[in-house]
Amino acid sequence: MFKFDTSGLDVNAYLSKVNESIDKVVSATVSNIVNEARSLDADVPTIAASINGGKVNDGVYEIVKGEGMERPELAAYSEFGTGNFAATLLAPYPDDWRNMAMDYYVNGKGVLPSKPSLYQAYSKHTANITDEIAKQL
């Protein structure tokens with residue numbers, strides 16, 4: 001019979017290293033998303049400057065578009081568009097993004113074209129995040 005003694009393993013140290021690695025990758029990813037979204041919205045400086053992100057509490061990161069704007073809903077209208085523009089853009093989006101856009105739905109009659117910057121940056125920089133985390137480990 002083969003016996004392996006695990007008493008010498010410091011599982012907490014290992015878990016701490018795993019958490020640090022994940023946090024490092026997620027933090028870098030959030031920075032990349034924010035920077036790219038700002039770049040994509042550079043033609044509207046007020047909106048570009050309103051895109052921020054970072055850690056809000058233990059293990060939770062947040063990216064906000066519209067922060068500090070007098071009318072933050074304008075950032076959502078820019079991202080998703082309004083009326084038929086929003087309906088067309090959002091059709092292939094995941095449910096969480098469509099639900100987020102619905103928070104800004106008024107009457108479906110808007111005519112503002114979509115200019116997605118945050119979704120594009122998010123999709124690009126999270127596509128291989130699990131691979132990046134695995135590299136860190």
Give a yes or no on whether the backbone of Phe85 and the side-chain of Ser114 come within a donor-acceptor separation of less than 3.5 Å.
yes
Mind checking what makes ring pair (Phe, Tyr, Trp, His ring centres under 6.0 Å) contact with Tyr14, not counting sequence neighbours?
none
Give, for atom CG of Asn128 and atom CD1 of Ile133, the distance between the pair rounded to the nearest 0.5 Å.
11.0 Å
Centroid-centroid under 6.0 Å between Tyr93 and Tyr119 rings
yes
NZ of Lys55: more than 12 outside heavy atoms within 6.0 angstrom?
yes
Heavy-atom closest contact (Ser117 atom, Asp41 atom, distance)
OG-OD2, 2.6 Å
Do side-chain atoms of Thr29 reach the backbone of Thr126 as a donor and acceptor pair under 3.5 angstrom?
no
Donor-acceptor check, side chain of Ser27 to backbone of Asp23, threshold 3.5 angstrom: yes or no?
no
I need the minimum non-hydrogen distance between Ser78 and Ile47, along with the two atoms involved.
CB-CD1, 3.6 Å
Verify the cluster assignment for Ile33 and Ile129: are they in a single hydrophobic cluster under the rule of side-chain heavy atoms below 4.5 Å apart?
yes
To the nearest 0.5 angstrom, please state how far the CZ atom of Arg38 sits from the CG atom of Asn52.
5.0 Å
May I ask whether Leu74 and Leu112 are part of the same hydrophobic cluster, defined by side-chain heavy atoms of I, L, V, M, F, W, Y residues being less than 4.5 angstrom apart, directly or through others?
yes
In the single-linkage hydrophobic clustering (I, L, V, M, F, W, Y; side-chain heavy atoms under 4.5 Å), do Ile63 and Val25 co-cluster?
yes
Gap separating the CG atom of Asn99 from the OH atom of Tyr105, nearest 0.5 angstrom
14.5 Å
Should Trp97 and Leu89 count as side-chain neighbours, where that means a heavy-atom distance under 4.5 Å?
no
In terms of heavy-atom contacts, Lys65 and Lys115 come closest through NZ-O, 4.2 Å
When rounded to the nearest 0.5 Å, the distance separating CD of Glu79 from CE of Met100 is 8.5 Å
Find out if a path of hydrophobic residues (ILVMFWY) with successive side-chain heavy-atom gaps under 4.5 Å connects Tyr122 to Val26.
yes
So which heavy atom on Pro116 is nearest to which on Gln120, and how close?
O-CD, 3.3 Å
Compare every heavy atom of Arg98 with every heavy atom of Ala91, then report the nearest pair and how far apart it is.
O-NH1, 3.2 Å
Can you confirm whether more than 12 heavy atoms, excluding those of Asn84, are under 6.0 Å from its CG atom?
no
Between CD1 on residue Ile22 and OG1 on residue Thr130, distance to nearest 0.5 Å:
11.0 Å
Is it possible for you to say whether Met69 and Ile51 belong to one hydrophobic cluster, with membership spreading through side-chain heavy-atom contacts below 4.5 Å?
no
Are there over 12 heavy-atom neighbours, none belonging to Asp58, within less than 6.0 Å of that residue's CG?
no
I'd like to know if Lys135 pairs up with Glu132 as an ion pair, taking the criterion as any Lys NZ or Arg NE/NH1/NH2 lying under 4.0 Å from an Asp or Glu carboxylate oxygen.
yes
Value for NE2 (His125) from OG (Ser31), rounded to nearest 0.5 Å, stands at 10.5 Å
So, for Ala121 and Ala37, which heavy atoms are closest and what is the spacing to 0.1 Å?
CB-N, 3.9 Å
